[in-house]
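Working notes for the structure below.
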Amino acid sequence: MGRGKQQNGPTKETAAPPNGRAQTGTKGRHQDGGKPEQLGLQTWGVFAAVVALTLGTRFYKLEEPDHICWDETHFGKMGSYYINRTFFFDVHPPLGKMLIGLAGHLTGYDGTFPFDKPGDKYGETKYIGMRSFCVCLGSTVVPLAFLTVWELTWSVPAAALAAALLLFDTGCLTLSQYILLDPIMLCFIMGAVFCQSKFDSLRNRPFSTCWWVWMCGAGCFIALAFSVKFVGLFIILWVGLKTVSDLWDLLGDLTLPLMVIFKHFLARALCLIVLPAAIYITCFAVHFHTLYKSGSGDGFMSSAFQSTLEGNKLYQANMPEDIAYGSTITLKNFRPAGGLLHSHWHLYPEGLGAQQQQITAYTHKDDNNLWIIKRYDRNPIPEDPLQFVQNGDLVRLEHVATQRNLHTHQEPAPITKRHFQVTGYGQNGTGDINDIWKVEVVGGAEKSRIKTVRSKVRFIHYMTGCALHSHSKTLPKWGWEQLEVTCNPFTRDKNNLWNVEDHINNQLPNGTFAVYQPSFLGKLLESHAVMVQGNSGLKAKEGEVTSQPWQWPLNYRGQRFSGVNATDYKIYLLGNPVIWWGNLALLAGTMLVFLVEAIRTQRGFVDPPHLAERKLVTLSAARWMATGWALHYLPFYFMGRVLYFHHYFPAMLFQSMLSAIMYDYFLQVVKHKVQPGVYRRIHQWGTAFISIILLHSFYLFHPLSYGMFGPLADNQTSPMYGLKWMESWEI
Amino acid sequence: MPSHHHKKNKDPHRTRPSHRHHVTPKQQDPVERTKAVSEGPGPDDDSNMSVEGEETSSISGNGSEVGSVGSRDQGDGASAIEPSLERRQPTDVKWVGPVRAPLLSIKTELNIPLLLLTVVAMATRMWRLEYPNSVVFDEMHFGRFASMYIRKTFFFDVHPPLGKLIIAFGAYLGDFNGNFTWERIGADYPSAVPVWYLRLFPALFGSLLVPLTYQTTVELGYNHWTAALAGGMVLFENSLVTQSRFLLIDSFLLFFILATLLCLLKFWRLKHSPFSLSWWAWLAGTGAMLACACSVKYVGVFTVLLVGGMIFHELWNLIGDKRLSVHDLTSHFLARAGLLAVLPVVLYLLLFHLHMELANRSGPHDEMMTSAFQATLEGGLSRITKSQPVSIAYGSQITLRHTHGMFLGRPCWLHSHLATYPVRYHDNRGSSAQQQVTCYSFKDINNWWIVKDPGRTTVYVDDPPKLIHHGDIIQLVHGTSSRALNSHNVAAPLSPYSQEVTCYIDYNISLPAQNLWRVELVDGADEGDTWKSIQSHIRLVHVNTSAALKWKMLSTNKELQQEHKYSSSPGEWPLMERGVAYWLHPRTNAQIHFMGNPVVWWSGVVGILGYLALLGVLLVRRRRACFDMDDESWQRYILTGELVLGGWVLHYVPFFLMERTLFLHHYLPALVFKILLLAVMVENIHTHVLRWPVHRNVFSALCAVWVTCIYLSYRKFAPLTYGNSDLSADEVTDLKWLDSWDLLIQVL
């Protein structure tokens with residue numbers, strides 16, 4: 001076994017490295033004398049067992065339940081969109097859903113299943129392929145944890161413990177088994193961590209082939225993780241921090257000339273910035289290329305973007321080009337993620353300006369977005385000669401469905417108090433003088449006509465001089481969480497621009513005209529603006545169970561995947577409490593150890609050399625794992641969007657590896673303190689004890705993942721009877 | 001410029017620490033100080049000079065004295081702000097050596113620039129203090145609180161009491177009788193309101209901010225030019241002037257924050273004579289000022305974080321000092337804990353006690369507090385409670401107040417009214433369509449409930465009354481609609497996993513009456529067994545389903561983040577994109593607009609970026625063993641960063657996480673830190689970045705121009721600060737440097 005050997009090896013070298021470089025973790029191990037056997041036969045055995053167990057637990061009962069569970073309804077649906085090539089909008093980047101779609105396509109799913117709501121039976125649909133794909137990626141987490149911890153500590157017990165903690169965790173198991181983005185993302189995160197630790201252990205062979213390969217690997221995985229969900233940002237930060245600290249060490253090594261350091265820097269910039277950026281952009285290129293048909297996501301995008309989608313009205317636009325009086329139009333706010341000017345029968349609530357009809361901006365297309373453009377002084381009559389609207393004209397806009405005019409007055413807007421409130425006013429198209437707006441075409445000559453899509457128009461209120469405005473602030477529930485529309489006294493604001501998107505006028509001939517097509521870069525930026533707005537707009541739905549970050553490490557409350565009642569097939573996402581609480585205790589222990597070690601260092605205590613070397617390695621690894629945990633957990637406290645329990649799982653990966661490393665640390669300290677015989681006994685008993693409680697707790701809680709029928713846990717006949725250890729668990 | 005003055009103003013802070021290398025810490029104190037004063041710049045004086053050439057590094061402290069000294073003299077001279085600075089002397093009292101001084105001698109030193117700054121500050125802050133003679137902006141609130149103190153009426157406010165107490169003291173001095181309603185902004189003050197006295201203390205504290213800034217800069221270890229620059233920027237900062245001239249509490253806050261900083265620095269200055277009398281005094285001063293800052297506004301908590309962080313850092317260094325025994329460390333720790341944690345808490349509580357003593361009569365805000373609290377107010381609930389029975393019996397008429405969130409949430413009472421729940425909720429869950437039960441935050445008749453014994457049909461009180469005990473089963477009947485409080489296995493409107501609570505209407509349909517509740521006294525053990533009014537906290541447990549009654553406010557306005565017309569977001573503050581209109585003359589364009597001196601605000605941003613950039617460069621170069629600064633300057637540079645830049649960050653960044661309405665004046669504490677950093681950066685660039693005399697001269701000249709610009713821009717925006725001149729519409733437009741500034745123009 002390699003362990004005995006490598007403890008003697010590095011000690012000889014400790015004196016050798018120049019100051020500054022000696023402090024950092026795992027170096028030196030690969031130098032010839034101290035190099036451990038790569039992975040001994042016994043280690044391979046343990047690893048094989050881990051892989052076999054992982055596959056066994058993950059694939060067991062994969063096809064159950066044969067109905068849609070939880071968010072499968074979203075991601076399955078989006079996979080179908082890729083198969084059908086119809087454009088949609090989602091707050092996450094495209095890679096995960098693209099992979100799901102691809103997996104479905106390759107395994108014979110044809111994209112026809114509607115994925116309406118959780119609980120719908122799949123019937124004949126071939127959903128197993130997509131689940132298998134997700135579970136494959138989700139399973140890699142366990143062996144990767146084994147390899148990573150092995151790489152960091154060269155200790156088989158630690159590596160095996162890390163793998164076991166993830167292997168027997170019901171939460172990880174449940175989250176891997178369904179058509180979700182999380183197994184995909186967890187896999188990429190672990191991949192990045194593994195590549196990075198491999199790369200770190202090669203620091204004595206810079207610019208070797210292996211060195212390049214592992215660094216590129218880390219770069220690829222962070223890009224992939226970020227292309228699945230934006231939470232991947234935290235793994236990018238983690239790798240970034242590690243890289244910065246690495247470069248800082250290099251910089252402090254005065255034996256290295258600046259040129260070499262610069263080369264190091266360039267290599268990292270190439271592999272960890274340029275390469276990931278290229279991968280990320282490629283994902284989007286594939287995304288746009290695949291989804292070329294019009295679909296449910298059109299309304300979120302600008303008119304120009306829509307004109308690239310086959311089947312959209314604006315694709316090779318076929319509608320009258322110039323706007324005339326009496327035309328029915330829709331107006332799109334000209335900004336990324338702008339909405340369509342919208343109204344409905346509901347009034348502004350009491351206390352927020354005049355109680356008149358709401359005007360909002362809405363990103364979905366419906367009939368309440370239609371407006372008729374009228375002369376300012378009279379209602380249209382059929383005998384009117386056709387007259388085009390010109391730059392500088394005074395007009396009124398009448399909402400088609402409710403026959404109220406677009407109106408504003410000097411009352412503060414509901415949210416943006418410094419702007420004026422915009423309302424729907426009047427009856428059957430007759431209102432008052434505050435309904436009059438002046439049309440201004442940006443860059444248009446005087447008396448020039450207004451073109452569909454292509455003209456950027458400002459609507460200036462005739463009486464107050466403010467401009468019709470919309471932005472990304474959403475109205476509360478009374479406004480159906482649509483976007484606020486106001487009248488902005490600062491008329492040059494860039495969000496005051498609108499363009500005509502749809503145009504219907506029977507008196508005018510339809511013509512085709514070329515709409516300016518956005519470049520790839522333009523599309524990319526626009527999608528991001530829309531995603532950012534979508535993410536910040538994710539509020540809890542009424543009655544939905546949301547969770548708070550403080551609940552997560554406590555395993556305070558899980559997430560229902562399927563089934564509520566006694567007769568349903570129930571799946572409940574909940575961590576194995578033994579593992580989670582153990583992790584939590586070890587986390588507290590880690591903090592204590594860090595504190596004690598820091599004080600010891602500060603007070604100048606010195607450990608005997610072999611223990612010091614060991615501690616250095618373990619604590620450095622532990623520090624990076626703790627950093628990873630904090631990076632994947634703490635930012636959620638500052639997020640405004642709605643949060644769910646499963647957001648904790650990336651952090652949980654780091655926490656489990658941290659626990660394993662700390663277990664190794666304690667073993668080392670014990671080994672140093674006691675007789676070898678006693679140590680061996682402690683080690684054996686410890687291993688046995690941990691194995692038994694892990695296995696037993698997994699056995700107790702496995703119905704959470706593999707599904708259960710029957711009443712809730714307080715009933716004696718329930719499979720979970722007596723296991724409702726916390727009042728808050730809904731089992 | 002004569003060089004003697006250079007020596008004078010430099011010696012105290014430069015020479016002393018360098019002597020430290022030769023003198024052991026214990027004996028170093030008094031002897032060495034006198035030596036420093038008598039000798040002037042000793043041979044080590046130049047250890048802080050920048051080192052020319054890269055490779056000479058740490059050994060070359062004396063490498064290039066002549067050139068540096070000469071060039072710096074010229075530099076300092078050229079960056080003069082006021083020519084009268086020449087004859088001044090350092091003010092540091094502690095440099096007057098106590099050891100050899102004769103008994104009972106008085107040795108005074110006058111720092112003329114400091115004095116001058118103070119006088120000018122007083123002038124700018126107090127000039128025409130009673131103008132405008134009407135309510136300006138938040139004077140409405142703070143004035144009202146002052147009136148309430150004068151009339152001894154209890155009130156509730158989001159801020160702690162110290163600021164308002166000081167204002168009330170001013171009002172007391174001016175014989176204010178409290179009879180003014182403070183109804184709206186812009187209302188004229190009657191002659192009975194002593195406006196000058198009311199505004200006196202804010203203006204006084206605001207003026208003292210200027211010498212404090214000066215002194216703090218000096219204590220940070222920078223020279224008197226820098227200190228004068230920092231003081232001058234605070235002096236001519238329009239926003240600070242505006243905020244000090246009215247009945248507002250921000251100037252107290254700023255004063256106490258800076259005073260905390262100053263005390264802390266003074267305390268550190270004495271780190272080589274720990275546990276001496278002055279050491280204790282400055283430590284206690286830090287704690288006291290900290291408590292004052294927190295008792296003015298809760299923003300002071302950020303100062304606590306800053307001081308806490310710095311003290312922690314200091315303790316950490318002490319731990320590393322192996323000469324200190326564990327016993328020493330413990331006493332260090334205990335001293336800091338006692339004076340920086342316990343003392344402030346005690347002071348804070350004392351101030352609240354004072355507040356309660358002064359305002360002890362029932363007032364309009366009673367309902368915000370718990371019933372038990374109200375019972376202590378004269379003429380408040382105590383008037384009612386005196387005549388009300390203590391124990392609850394069957395047949396009692398009661399109101400039930402929700403105790404959760406007693407201190408944070410809004411209070412509310414269990415309430416019902418004749419409206420019913422909708423048949424279906426938005427998410428299509430069914431409801432029972434019975435009468436709504438809500439939690440309502442005002443006292444009204446619909447809050448009254450009658451406790452009924454389920455076994456009987458009448459609700460009269462027995463004689464003797466049958467008291468209710470822990471575990472008894474009761475029904476609650478709503479007073480006005482006579483319906484019983486009910487719950488059943490139908491999900492609640494907002495939280496689907498709780499049960500709906502209704503008032504049961506007998507629809508004659510399948511839902512059986514499930515209106516029995518068991519009383520569980522939460523603190524039953526120590527209060528005896530009967531349910532008492534006010535003192536007992538109870539939990540009502542539904543008998544049929546054992547679900548505890550959960551209260552949830554059915555209000556929607558919480559999620560609506562309202563904006564004020566002049567509110568702004570923290571992102572807009574550093575560049576001052578919006579001000580706040582404080583006051584507008586009823587007829588003309590004369591107006592007071594809260595906004596800063598744009599030159600100061602914008603260059604402050606440059607100062608921050610400059611600090612970070614220089615820090616980055618220096619760190620990288622030090623890592624490659626190029627030591628551009630000597631050790632002492634480097635320590636000072638780092639300390640400045642931790643304290644001043646850290647202060648800026650701590651007083652600014654948390655606002656991004658706040659969900660309340662924010663205004664530009666919330667940035668003022670951060671602004672003061674920003675100004676300090678800016679002044680300090682000027683000296684650092686002059687001394688450590690520029691190597692050539694020519695560069696230094698040019699830089700000094702540029703600084704002089706820049707300082708002039710600060711003054712000119714102060715003059716330019718003075719009409720908006722003082723509101724004294726009647727501007728024409730064009731003049732207002734001319735002042736509108738940014739489109740986003742909402743200066744007001746009257747349409748006549």
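The chains referred to below are lettered A, B, ... by the order of the sequence lines, with proteins before strands, and numbering in each begins at 1. Everything quoted here is computed from the prediction, not taken from an experiment.
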Counterpart residues, salt bridge (Lys or Arg N to Asp or Glu O under 4.0 Å), relative to B:D138 (two or more places apart): none

Approximate separation, where rounding is to 0.5 Å, of B:D321 CG and A:Q602 CD: 10.0 Å

Which atoms of A:A598 approach chain B - backbone, side chain, both or neither, heavy atom under 4.5 Å: both

Interatomic distance, B:T661 atom OG1 to A:K417 atom NZ [nearest 0.5 angstrom]: 9.5 Å

Sub-4.5 Å side-chain heavy-atom contact between A:Y637 and B:L657: no

Donor-acceptor pair, side chain of B:R623 and main chain of A:D253, under 3.5 angstrom: no

Shortest non-hydrogen contact between B:K322 and A:R603, atoms and distance: CE-O, 3.6 Å

Interface residues of residues 258-265 of chain A facing chain B - non-hydrogen atoms under 4.5 Å apart: A:L258, A:I261

B:F312 atom CZ, over 12 foreign heavy atoms within 6.0 Å: no

Interface moiety of B:L318 toward chain A, non-hydrogen atoms closer than 4.5 Å: backbone

Contact leader toward chain A among B:Y566, B:F656, B:W316, where contacts are heavy-atom pairs under 4.5 Å: B:W316

B:D742, part contacting chain A, at a heavy-atom distance under 4.5 Å: neither

CZ/A:F636: more than 12 non-hydrogen atoms of other groups inside 6.0 Å: yes

